[in-house]
**Student:** 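Structure below; questions to follow.
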There are 2 protein chains.
Amino acid sequence: MVYSAKESKTRDAEATQVSILDAAEEEFARHGLKAARTETIAARTGVTKAMIYYYFQSKEKLYQAVLDRAFSEYVHLPKQLDLDQLPSDEALEQVVRGLLASVSCNQNIPQIMFHEAIQNHGEYYKQAGFLTVLSTMSAILERGMSEGDFRPLDAPHTAVNILGTCVFYCLGYENLKHFWPDKQMHSQKMLEQHTQEAIALVMAGVQRHENGEMSK
Amino acid sequence: MVYSAKESKTRDAEATQVSILDAAEEEFARHGLKAARTETIAARTGVTKAMIYYYFQSKEKLYQAVLDRAFSEYVHLPKQLDLDQLPSDEALEQVVRGLLASVSCNQNIPQIMFHEAIQNHGEYYKQAGFLTVLSTMSAILERGMSEGDFRPLDAPHTAVNILGTCVFYCLGYENLKHFWPDKQMHSQKMLEQHTQEAIALVMAGVQRHENGEMSK
DNA sequence: GTCTATACTGGGATAGAC
DNA sequence: GTCTATCCCAGTATAGAC
C-alpha cells in the first residue's frame, strides 16, 4: 500500500493514481469526507488538484476509491478452515493477534471507519472487513463455550468488546499520549507491550477457570 | 445539560446560550471542529446564525465553550477516598460501571474526544476527565496486584484497554448496528447487557485465579 | 498527462435595522 | 437580544494551454 511513486518524473498514470490514493487515505483518515481538503491531498501527492479530478471525477468518488482499496487490503485473517482446526483458545488468540497487527501497521482504516460511523451512519461499514472479524470471533467464542474452554458469555457482545480493546490504543493515540508523557506510544517496544497486555486481558477474560465464579 | 429552552418566546440570554451549546455539542460530536456548520447549529437551536456570533465570538470559541462545559459535567466518579475503602476488585467494578453509565447516557463527549484525537492532536484531552479515569483505574489495578486480588499485569496498558472496551460499543454504534440487524443497540435491554458483559470480561480479565496460568 | 488560471459556491463572519 | 442582508474567503471543480 504505502509505496510512493514520486521519484518518477516521467508521466506515469498508474503511479500517480496510487500516489493520490495514498495521500487521500491519509487526509480522509484525519478529517473525514467533508472536512478533507483536495488541496491538501494534491500538495502531499506532489501533483496538482486538477489531476485528482482528472482521475477521480469528484471528492466523493475519490473517497469511495480509497474505501474500496482499503477493504480489499485490510485485515488478512487466518482462513476459517485453519481456525477450525485449532483449539478455541488458540484460534481466538490468532485472530486477536492478527487484528492487533493490522491496526498497528495502518491506523488510517480504523480512523476512516470511525468517521464513517459517526458522520455517515456506517453506510460503508457493511462492506468492510470488520464485520467479518466480529463474526469470526463470535463463532470462536461460541465454540469455546460449547467445548468448555470458555466461561459462559454472550458471544456477539464479547466480540465487540474485544474489538474495542484492540483498536482503542491506536485510535486514541493523540489523546492517550498525555497519559504516557515519557514514552513513545508508537515505538516497537510499546506496541509489543500493548499486544501482549491486550491478549492477556482478553484471554483471561474469556477463559473458564476451575474455581472462578461464573458471570451468570 | 440536555435541557432545551426553546419554549420561552420572551428574550432570555441565559436560555439561548444553553440552547446554542446543546446544539453545538451535537454538531461538533457529529462532525468535529472543522466540518461542523454554524448554520446547522443555528437551525437546530431555533435562533439565527448571528446569535452564535453575538454570544460566542467565533466557531473556535464556541467549540472551546462546549468542551469546557462538557469537562465540568462529565464522568462523576466515586470519590478517591471511597474507592480506597473498597477491596480493589469492587473498586474497579465501581469505576467501570460509572464509566459505562456516563458513556451510554451522553455519547457526544466521547465522540468529540475522538475527533480531538485524530484531528487536533489531543490538545484538549489533557483537561478532560478521561485522564483522571485512567489514572484512577491504573492505581486500583496496582493496588489489586499488590494485595493479590489481580493477576500480574501492566496497570497503565490494562487501564487503557479497559477504557477501550467501555467506549467502543457506543462510539461505533452506527457501524456495529449492521452486526445486530435485528436489535436496537440503544435499547435499555441491550445497554444493560453491554454493561454486564463488559464488566464480566474486564473482571475476569484482571482477577487472579488459583490455577490460572500467569501471563508473565 | 500535467500544468495554470479561473469560475462558482458554501459557509464563516459582520453591519445595521428593529 | 434577535433578525435580515451581505461581504468575502476558502475550497470544489473546470477550461484550456502545453
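Per chain, numbering begins at 1; letters A, B, ... match sequence-line order.
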**Student:** Can you tell me the distance, in whole Å, between the NZ atom of A:Lys61 and the P atom of D:dT14?
**Tutor:**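 Going from NZ in A:Lys61 over to P in D:dT14 covers 10 Å.
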**Student:** Which is true for A:Thr48 with a 4.0 Å heavy-atom rule: it touches a base, it touches only sugar-phosphate, or it touches nothing?
**Tutor:**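 The answer is base, as A:Thr48 lies within the cut-off (heavy atoms under 4.0 Å) of a base atom.
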**Student:** Within this structure, what is the CD-to-P distance between A:Glu39 and D:dC9, rounded to whole angstrom?
**Tutor:**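 After rounding, the reported distance stands at 15 Å.
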**Student:** In whole angstrom, what separates A:Ile41's CD1 from D:dT12's C1'?
**Tutor:**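 Spelled out: CD1 on A:Ile41 to C1' on D:dT12 is 12 Å.
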**Student:** Looking only at the aromatic ring of each residue, does the gap between the centers of B:Tyr173 and B:His186 stay below 6.0 angstrom?
**Tutor:** yes
**Student:** Measure CE/A:Met51 against C1'/C:dC3 and give the value in whole Å, please.
**Tutor:** 8 Å
**Student:** How close do B:Ser88 and B:Ile140 get, heavy atom to heavy atom, and via which atoms?
**Tutor:**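 So the minimum-distance heavy-atom pair works out to O-CG2, 3.4 Å.
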**Student:** Show each protein N/O and nucleotides 14-16 of chain C N/O combination with a separation under 3.5 Å, one pair to a line.
**Tutor:**
none

**Student:** Counting only heavy atoms not in A:Gln57, do more than 12 sit closer than 6.0 Å to its CD atom?
**Tutor:**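 Counting neighbours around CD of A:Gln57, more than 12 heavy atoms of other residues, nucleotides or ligands fall under 6.0 Å, so yes.
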**Student:** Are any non-hydrogen side-chain atoms of B:Tyr169 and B:Met185 less than 4.5 angstrom apart?
**Tutor:** yes
**Student:** When you compare the side chain of B:Phe56 with that of B:Ile20, does any pair of heavy atoms fall below 4.5 Å?
**Tutor:** yes
**Student:** Tell me whether B:Arg69 is salt-bridged to B:Asp22, with the criterion being a basic N under 4.0 Å from an acidic carboxylate O.
**Tutor:** yes
**Student:** Calculate the interatomic distance between B:Arg37 atom CZ and C:dA13 atom C1'; express it in whole Å.
**Tutor:**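 It is 14 Å, rounded to the nearest whole Å.
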**Student:** Quick one: is B:Ser58 getting a side-chain N or O under 4.0 Å of the C:dA13 phosphate, OP1 or OP2?
**Tutor:**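 Indeed not, no polar side-chain atom of B:Ser58 lies that close.
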**Student:** Give A:Ala35 one of three labels, base, sugar-phosphate or nothing, depending on what nucleic acid heavy atoms sit under 4.0 Å from its own.
**Tutor:** nothing
**Student:** Where the side chain of B:Lys59 is defined as all heavy atoms beyond and including C-beta, which of C:dT2, C:dA13, D:dT2 is the nearest nucleotide?
**Tutor:** C:dA13
**Student:** Find the distance A:Phe56:CZ to D:dT12:P and express it as a whole number of Å.
**Tutor:** 16 Å
**Student:** Hey, is the side chain of A:Thr38 poking within less than 4.0 Å of OP1 or OP2 on D:dG11, counting only N and O atoms?
**Tutor:**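 No, because none of the side-chain N or O atoms of A:Thr38 sits under 4.0 Å from OP1 or OP2 of D:dG11.
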**Student:** With nearest nucleotides of DNA chain C determined for A:Tyr54 and A:Lys34 from heavy-atom distances, which residue corresponds to the more 5′ nucleotide?
**Tutor:** A:Tyr54
**Student:** To the nearest Å, how far apart are A:Asp12 CG and C:dG1 P?
**Tutor:**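 So the two atoms are 9 Å apart, to the nearest Å.
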**Student:** In whole angstrom, give the distance that lies between atom CG of A:Leu62 and atom P of D:dG11.
**Tutor:**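 From A:Leu62 CG to D:dG11 P: 17 Å.
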**Student:** Once you measure the plane-to-plane angle for B:His194 and A:His157, does it fall in the parallel (<30°), tilted (30-60°) or perpendicular (>60°) bin?
**Tutor:** parallel
